[in-house]
4 protein chains.
Amino acid sequence: MTKGCPNSLDHRTRIGQTRREKTRERLCEAAIMVFAERGLNGTVIDHVVRQAGVSRGTFYNYFDTIEDVLDAARVVLKRELVLLVKDSVDFDRPPAERVAFGLRAFIEVARQNKLFLEFSARLGHQSYSFSNLLKETAPGFVSSAIEAGEFRPIPEGLIFDLMESGAISVLRRLMNGEAVDVAAFVAAMLRVLGLSYEASVAIAALPVEAPQPAEDSLLLRANATWSASQ
Amino acid sequence: MTKGCPNSLDHRTRIGQTRREKTRERLCEAAIMVFAERGLNGTVIDHVVRQAGVSRGTFYNYFDTIEDVLDAARVVLKRELVLLVKDSVDFDRPPAERVAFGLRAFIEVARQNKLFLEFSARLGHQSYSFSNLLKETAPGFVSSAIEAGEFRPIPEGLIFDLMESGAISVLRRLMNGEAVDVAAFVAAMLRVLGLSYEASVAIAALPVEAPQPAEDSLLLRANATWSASQ
Amino acid sequence: MTKGCPNSLDHRTRIGQTRREKTRERLCEAAIMVFAERGLNGTVIDHVVRQAGVSRGTFYNYFDTIEDVLDAARVVLKRELVLLVKDSVDFDRPPAERVAFGLRAFIEVARQNKLFLEFSARLGHQSYSFSNLLKETAPGFVSSAIEAGEFRPIPEGLIFDLMESGAISVLRRLMNGEAVDVAAFVAAMLRVLGLSYEASVAIAALPVEAPQPAEDSLLLRANATWSASQ
Amino acid sequence: MTKGCPNSLDHRTRIGQTRREKTRERLCEAAIMVFAERGLNGTVIDHVVRQAGVSRGTFYNYFDTIEDVLDAARVVLKRELVLLVKDSVDFDRPPAERVAFGLRAFIEVARQNKLFLEFSARLGHQSYSFSNLLKETAPGFVSSAIEAGEFRPIPEGLIFDLMESGAISVLRRLMNGEAVDVAAFVAAMLRVLGLSYEASVAIAALPVEAPQPAEDSLLLRANATWSASQ
DNA sequence: GATGAATGAGGCTTCATTCAT
DNA sequence: CATGAATGAAGCCTCATTCAT
């Protein structure tokens, strides 16, 4: 196929790898957009390749199933989210504030980025949610806080489940254009962790600055492309 | 038309309606079983008719889409659930206890009835969940309790969302055979409603008697059939 | 089924035959209406039985296929048409006038009876057309006129074909709400029969009185029912 | 993307387009054959794909409905017909002769090509008929001739309707193996246009040379294939 | 005779997957 | 590697027909 093209093997390989990486990225981005619009079950391979502007056969050079590309999309989103949310959380603050700030930052990202909102709301726990983020970026955080007496005892799995499923409910409401009392949700999660009603409400009400995505953020770029095509 | 022979038409009509009702019920039961195994998106009409032992065409005499039969199944389950859970809840007890008992009864039903467990866990909020039950059998219950000062202020939609999505998480864990601390979940919900940590734990730990399904319960019968075929 | 109804055999039989005849008629009428709306290929047995208000099974007591009921409908229409058009044609007039009056009366019936119009236009040569009428009510009319020198020689089959297919074209235009120069069509047919241009135009322009359907005309009654349901 | 290997993409594209065009043609040809045998309403997609020897899915890569492939078939037939009939008509002859020659050539093509005959007869006005041909290849021809006094006044739509429906009647007779007096039909059409009986008969009787299909005519090829399979 | 529930063959459409170029 | 034509399995839906009551 590249016969007759007089490049060195090295060069071809390098070029190839770059190109390969780029095509893969294009497919991921395209998939995020399509999943955001149609959810997992409404999406077929054709939607993705058309959005990506590649041929059907190319898809199979990178992924085997539509679920595979969802996995890849999750990884991409994780990378972006970690960058965004980490900045919003001051690691010197008490655990309750860190949870509150993290949750609110996560929801704020979704509020400001329609693409991410629809993706997360539509895919639910198949998306990359806040509890995933927490588990991976601050492992052991909750149990340490419990041991330290900052939170009251609760099975770690349960609190993750409740934060994840609760956050998804919130996002789904936001997606549908309903008014959502985010502070009330955050306060509820803090009470689950053992804070008093008053403390939960107070901390949930603390001002939080919105996360600023980097200029070259894939999420930002994809959101722009996608919003334009809506 | 059959004037002069006044009974034959009635008789024929009665027979027809009985048969019709029976087939519809069969389809509903079959649908519950199939949904329990494969969820909504994994289920196709063929699965249902094969499980019900009727022809494909018969399905269309009763329903138009697979979603329609899911709606019908939900109605059936609601009927059964109301009967089961109502018995477990003493209406004279304080609101917190009623919530705690209701939640635990709901989860207990699922624990004892594998079919219902898988149906609910697999369908998530497309199933007939605890918050549906609460909303329909005791409308206004939560807001009254908030007004009465038994619970602390929280948007009603939020508490329903959290109970529903939380309960589904619990059921999903149970379905996967994981150990679940149901009392901890119930206590968490009570804290969301504003109870103190100690009160939440105490009430969640009160003994609750398991709901006893009636002998002719569709759920019981279907569960038996289904478990046998597993 | 009629056991216990103490009628004499004769009476039952007579009643039965009357009822039988009435049901058959109902099916025919219903079929005409449905064919008028959907044509032959768009019509299924269910449409007919629903329009007739009888059960699906009853259909099979009278007809085997949808084409059979069309045949029956044709017979009904023929009966009605013969009554209507015959009155409009004075048998003492010269052949050219008789043809002209007959054609115009036929088209006029369709113009005044939307049901018949749509039926004829939609079914085309599967309907009961003017040439059928001519062949059956005045056999040999054209060839006699040719022999008598009133018309010029032309194969009889050809003139029937042209009148039939031409009339259907006209009806189709009428059905679509287009303006149609009926006199021009009639004149064209007269020229086909050998009349000069001037004679053809003159005769086609003679005033013709619209056929008056009998009060108890099935076509009238069915048209009313049908128009009401449009 | 393939910038350094400028020929490979072009080559692939060319190959692809060739293949694509060939398959499309196969489907069209197959459709013509099937329509010729079964008419529009008797034909289903499966018949076409089986005749074409392609898979069911392939059909949908080219057409959406059976009507779409009929449209395509019509275009193919038009192309062929224009070539064939144009040759038979001397544009310097008087309008009446041009009409007469055109009609006779059209019918002659059908007489010599069983496939085209059955296609046209079976599809009627859904086929590509003589009046279509006339309208598209010589627009305004009739009205000019009327203005020039060569034909007598008649609504243009009417003359097209009569030529189309009349020609179809003729073809239907031919298809059924009946003897047809084509000259009489042509003469009748000329009289419709205002010619005298004698002139109409004389012009209709002029000798006309049979149209000669090109060697690579799709119609010829398809007719051979089809006749062999009858 | 009338009824309408049940049937299943037949046609439609989508879409994951393969493969020659 | 990329392409996109071809494939056919799998679902969907309609409707003529049968049959017990």
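To find a chain, count down the sequence lines: A is the first, B the second, and so on, and within it residues start at 1. Predicted, not measured: the structure shown is a model, and the values here were computed from it.
A close approach under 4.0 Å does not occur between any side-chain nitrogen or oxygen of B:Y62 and OP1 or OP2 of E:dA5. Checking the phosphate oxygens (OP1, OP2) of E:dG8, no side-chain nitrogen or oxygen of B:S55 falls inside 4.0 Å. Residue A:Y60 places none of its side-chain N or O atoms closer than 4.0 Å to OP1 or OP2 of E:dC19. Proximity of D:N61 to the phosphate of F:dA5: no side-chain N or O atom is located under 4.0 Å from OP1 or OP2. C:T58 has no side-chain polar atom (N or O) that falls below the 4.0 Å cut-off from OP1 or OP2 of E:dG1. Side-chain N/O atoms of B:R19 include none lying less than 4.0 angstrom from OP1 or OP2 on E:dA5.
Nearest heavy atoms, C:Y62 versus C:T23: OH-CB, 3.4 Å. Smallest separation of non-hydrogen atoms from C:V49 and C:F59: CG1-CB, 3.7 Å.
Computed from coordinates, the C:R26 CZ to E:dG1 P distance equals 16 Å when rounded to whole Å. Distance, A:F63 CZ to E:dA16 P: 15 Å, rounded to whole Å. Rounded to whole Å, atom C1' of E:dA6 lies 11 Å from atom CG of B:L27. Atom pair D:K22:NZ and F:dG4:C1' shows a separation of 16 Å (rounding to whole Å applied). Atom CG in C:L70 sits about 14 Å away from atom P in F:dA16, given to the nearest Å. Regarding A:N41, its CG atom lies at a distance of 15 Å from the C1' atom of E:dA16, rounded to whole Å. Going from atom CD1 of B:I66 over to atom C1' of F:dC13 covers 13 Å, rounded to whole Å.
Checking C:D46 against D:T23, the closest nucleotide of DNA chain F that is more toward the 5' end is the one next to D:T23. Each of C:G57 and D:G53 was matched to the nucleotide of DNA chain F holding its nearest heavy atom; the match closer to the 5' end belongs to D:G53. Of the two residues contacting DNA chain E, namely D:H47 and B:F59, the nearest-nucleotide position lying further toward the 5' end is that of B:F59.
The residue B:I45 sits close only to the backbone: its heavy atoms come under 4.0 Å of sugar-phosphate atoms, none of a base.
At distances below 3.5 Å, at least one donor-acceptor pair connects side-chain atoms of A:R122 with backbone N or O atoms of A:A36. Between the side chain of A:R38 and the backbone N or O of A:T43, no donor-acceptor pair lies under 3.5 Å.
Taking only side-chain atoms of A:R56, from C-beta outward, the nucleotide of E:dT18, F:dT18, E:dT3 with the closest atom is E:dT18. Listed nucleotides E:dC12, F:dC12, E:dA6 differ in distance to B:V44; the shortest reach to its side chain belongs to F:dC12. When the nucleotides F:dT3, F:dA5, F:dC12 are ranked by their closest atom to the side chain of D:R20, F:dA5 comes out on top.
Of all nucleotides present, only F:dA2 satisfies the Watson-Crick or G-U wobble test against E:dT21, with each distance under 3.5 Å.
A salt bridge links C:E29 and C:R221; the closest N-O separation between the charged side-chain nitrogens and carboxylate oxygens is under 4.0 Å.
Under the 3.5 Å distance criterion, with hydrogens and angles disregarded, a donor-acceptor pair is assigned to the side chains of A:W226 and A:E37.
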